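Each chain gets a letter, A, B and so on, in the order the sequences are listed, and its residues count up from 1. Because the structure is predicted, anything quoted here is derived from the model rather than measured.
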Amino acid sequence: MRSSSVPPIAIVKAHNRTPLKSSSITIPSSPLPFHTLSERTHIPSHVYKHPAAVLLELCTSMKELHQIIPLVIKNGLYNEHLFQTKLVSLFSKYGSINEAARVFEPIDDKLDALYHTMLKGYAKNSSLETALAFLCRMRYDDVKPVVYNFTYLLKVCGDNADLKRGKEIHGQLITNSFGANVFAMTGVVNMYAKCRQIDDAYKMFDRMPERDLVSWNTIIAGFSQNGFAKKALELVLRMQDEGQRPDSITLVTVLPAAADVGSLMVGKSIHGYAIRAGFAKLVNISTALADMYSKCGSVETARLIFDGMDQKTVVSWNSMMDGYVQNGEPEKAIAVFEKMLEEGIDPTSVTIMEALHACADLGDLERGKFVHKFVDQLNLGSDISVMNSLISMYSKCKRADIASDIFNNLNGRTHVSWNAMILGYAQNGRVSEALNCFSEMKSLGMKPDSFTMVSVILALADLSITRHAKWIHGLVIRSCLDKNIFVTTALVDMYAKCGAIHMARKLFDMINDRHVITWNAMIDGYGTHGLGRAALDLFDKMKKGTVEPNDITYLSVISACSHSGLVDEGLHHFKSMKQDYGLEPSMDHYGTMVDLLGRAGRIKEAWDFIENMPISPGITVYGAMLGACKIHKNVEFGEKAANKLFELNPDEGGYHVLLANIYASTSKWSKVAEVRKTMEKKGLKKTPGCSLVELRNEVHSFYSGSTTHPQSKRIYAFLEELGYEIKAAGYVPDTNSILDVEDDVQEQLLNSHSEKLAIAFGLLNTSPGTTIHVRKNLRVCGDCHNATKYISLVTGREIIVRDMQRFHHFKNGICSCGDYW
DNA sequence: GGTATCCAAA
């Protein structure tokens, strides 16, 4: 909005509408309406001043109404038109349209007003169809419709998004020559807008012979709510050119549009106008302003406005919570929630959804459960949106089991419910459940949308099977979702994770307007495949284009450098992220930097880097350090890193195991024994190694040393046989990390590692020439890595192993990682 | 008896 187009403070004087109050308090009404009515219809004063009339005016419930009616009858007032109309109106108001009809029908000489009241009752309580039928009957009974018969019928159509009936009423309205009435036509415009027919809405607006402020507000709201924010903003300028001054409702309507385009400049000019026009202190305006600032990324300004508000509604609180959630500060959102409860504000469904969202982002299960209690307390169990939020909160807090319980007991599931559940399974590695949920959804005739596809693709990316990847890709195309940037980005990521990095790039090149996440996915794909140079080339290309890299881009770039040993490049880009793009490195960035230096053997440098960090180093940082010390057999820094990790995460046994391995690799056996004793004393266990391999739509999982698989005997026999073959080819078992036992036992233990079992199973059950895909939950062990190289050589098979860090493509005795991992 | 602010899944 051009600020010049907003006249200065004169607006207030020219403005003859009083600003809207946030909420009006209903004071028990006096018999005034009866009085005014009596003047028009000549009702004698003994009727409208009768105590029964006063009681009906004060009546607030069905129960009271039933107590008053005998009084009406006893006093012989039942046949008075005034009482008949009032009774019809009250019965409709309290939801009993049948009783209203029972009063209405027997009356002989029905006034027009009685028909209008009855029609309103049908519109409010019955179907639109019944109301329309009654409208027909009115014509039959020779009752002339008035304009408000149409306005509230149109409102009902809009609220129910019933376009069919809306059009019918539009037609009737024209027949009754209300086509030029500003009230009626505003109602028509609103109806089309609410039925998401914004083009028709605008056409009607455009044809109106006369437009008042409300008509302008209606069409602006229409564009704003249908996602045409720019158009809404344009119309605010145009209305001023045509002599209409935006009022507080215009501003409340258009502020979300400003938020949508995300332009602080536009938002600030509206803010300026609001101040000049004297609207800025209104509670709904300041709420909408704060919301706009949050959505434009300036949550601090939003908070300033929020704190400066004389009064707040629950919407103000909800909006502030949302601001923090959307700006990645969930703990502050929770703080607002707690403050709100302290101040005795009653939370609404939106409050609870925001709180759940914040808990989900924090991964805080305990707090999530605490918020869940409010759902029952506030009786929100039938609010589908709230239930969907619960599903995604539990999923993000790694409790897909609770999420699926809620989902399974949920009535009236929407697309969002299904999508949330599929995503929940996908995020928790429950691939087959995600796929089952997906096919169940389809079998119920629900069409997958872009959210569904992204969720399914994420699940399949986890599975990493090219055949599945191609299947979903085909489905995406057939569902016409192949132009959606989130879907195509997910496909790029999935192909990369399946090891089909060339296919990923082909798809990437075909995308016209790439989003920053698209670039990130491709760069990360190259990185995890050890194609550091390709990742850097693509990053250069990105920087030359219009899409700006973000913090995630840099994480992928540095990690790509780390996987390929490009230390200097990594150091350079780390510096550049803050210098050139003003991006503050996060803990993950520091962790990746330590990994980069440490993996390359620059252990001392990595430690110095940690000591010079501006923030307190976390688990990821020391974890990377310990991993590097394991690779380079560095006891001194390994111990330092491990001790920090024992403090930071005392429940994780894996760090003790890593430290023990470092001791073992330098033959410090007494130290190894010490660590083992500590672990026993603390009851710590190592996360068991687990490898997965898919065969004919079934995922087979193997734990180290397990003998529970039906083919177990065959697998171990095959591994023994394979052992001779690869030894003949030059393989030497690396028994460094297996302790305290005889050589042949050591070899046996090595042979029972989960990845070897999975590979053997794959070889036994697939035809020659096919590629075997294995996924492992931990990092591949050194001996398995070496053995797999030889296995790929002697069997002539390509084996792709994806561990928790990256991909290893084994082919002809060589691994794609170049043994740098 | 016509217009309005906060919200569920990537």
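A donor-acceptor pair shorter than 3.5 Å cannot be found between the side chains of Thr287(A) and Asn284(A). No side-chain donor from either of Ser392(A) and Ser395(A) sits under 3.5 Å from a side-chain acceptor of the other. Side chain to side chain, Thr553(A) and Asn520(A) meet the donor-acceptor criterion of an N or O pair below 3.5 Å.
For the segment residues 151-159 of chain A, the set of residues with a heavy atom within less than 4.0 Å of an atom of DNA chain B comprises Thr151(A), Lys155(A), in numerical order.
Taking CD1 of Ile457(A) as the reference point, atom CG of Asp493(A) lies at 9.5 Å (rounded to 0.5 Å).
Atom CE of Met353(A) and atom P of dC6(B) are 12 Å apart (whole Å). Atom CG of Leu255(A) and atom P of dT3(B) are 19 Å apart (whole Å). Per the geometry, CG belonging to Leu235(A) stands 14 Å off C1' belonging to dT3(B), to the nearest Å. One atom, CZ of Phe306(A), and another, P of dT5(B), lie 19 Å apart when rounded to the nearest Å. Look at CD1 on Ile249(A): it is 9 Å from P on dT3(B), rounded to the nearest Å. Across the protein-nucleic acid pair, Met453(A) atom CE and dA10(B) atom P stand 17 Å apart, rounded to whole Å. Atom CG in Leu390(A) sits roughly 11 Å away from atom P in dA9(B) (whole-Å rounding). Atom NE2 of His372(A) and atom P of dA8(B) are 18 Å apart (whole Å).
Among dA9(B), dT3(B), dG2(B), the nucleotide with an atom closest to any side-chain atom of Asn419(A) is dA9(B). Closest to the Asn388(A) side chain, of the nucleotides dA9(B), dA8(B), dT3(B), is dA8(B). Of the candidate nucleotides dT3(B), dA8(B), dA10(B), dA8(B) has the atom lying nearest to any side-chain atom of Ser385(A). Distances from the side chain of Gln427(A) to the nucleotides dG2(B), dA8(B), dA10(B) place dA10(B) closest. Across dA9(B), dT3(B), dC7(B), the shortest atom-to-atom separation from the side chain of Val416(A) is found for dA9(B).
Legend: residues meeting side-chain hydrogen bond (donor to acceptor under 3.5 Å, both in side chains) with Thr301(A), ordered by chain and number and at least two apart, are Ser298(A). Every residue was checked against the salt bridge (Lys or Arg N to Asp or Glu O under 4.0 Å) condition with Glu210(A), not counting sequence neighbours, and none meets it.
Ser450(A) comes within 4.0 angstrom of a base, heavy atoms only. Counting any heavy atom pair closer than 4.0 Å across all strands shown, Thr287(A) reaches a base atom. Counting non-hydrogen atoms under 4.0 angstrom, Lys295(A) reaches the backbone sugars and phosphates but no base. Base contact: Thr186(A) has a heavy atom under 4.0 Å from a base atom. Using a 4.0 Å heavy-atom cutoff across all strands shown, Val182(A) reaches at least one base atom of the nucleic acid. Contacts of Ser215(A) with the nucleic acid, taken as non-hydrogen atoms under 4.0 Å apart, include base atoms.
Salt-bridge annotation for Arg238(A) and Glu242(A): present, with a side-chain N of the basic residue lying under 4.0 Å from a carboxylate O of the acidic one. Salt bridge annotation for Lys203(A)-Asp206(A): absent, with no cationic side-chain nitrogen under 4.0 angstrom from a carboxylate oxygen.
Put simply, Gln225(A) has a side-chain N or O that comes within less than 4.0 Å of OP1 or OP2 on dT5(B). Using a 4.0 Å cut-off, some side-chain N or O of Asn190(A) falls inside it from OP1 or OP2 of dT3(B). Not one side-chain nitrogen or oxygen of Lys396(A) sits closer than 4.0 Å to the OP1 or OP2 atom of dA8(B).
Residue-to-nucleotide contacts include no donor-acceptor pair under 3.5 Å from the side chain of Asn181(A) to the base of dG2(B). In the interface, the side chain of Asn284(A) is not paired with the base of dT5(B) through any donor and acceptor atom under 3.5 Å apart. Taking 3.5 Å as the limit, the base of dA8(B) and the side chain of Ser389(A) contain no donor-acceptor pair of atoms between them.
Geometrically, Lys231(A) engages Tyr202(A) in a cation-pi contact defined by less than 6.0 Å to the ring centre and at most 45° from the axis.
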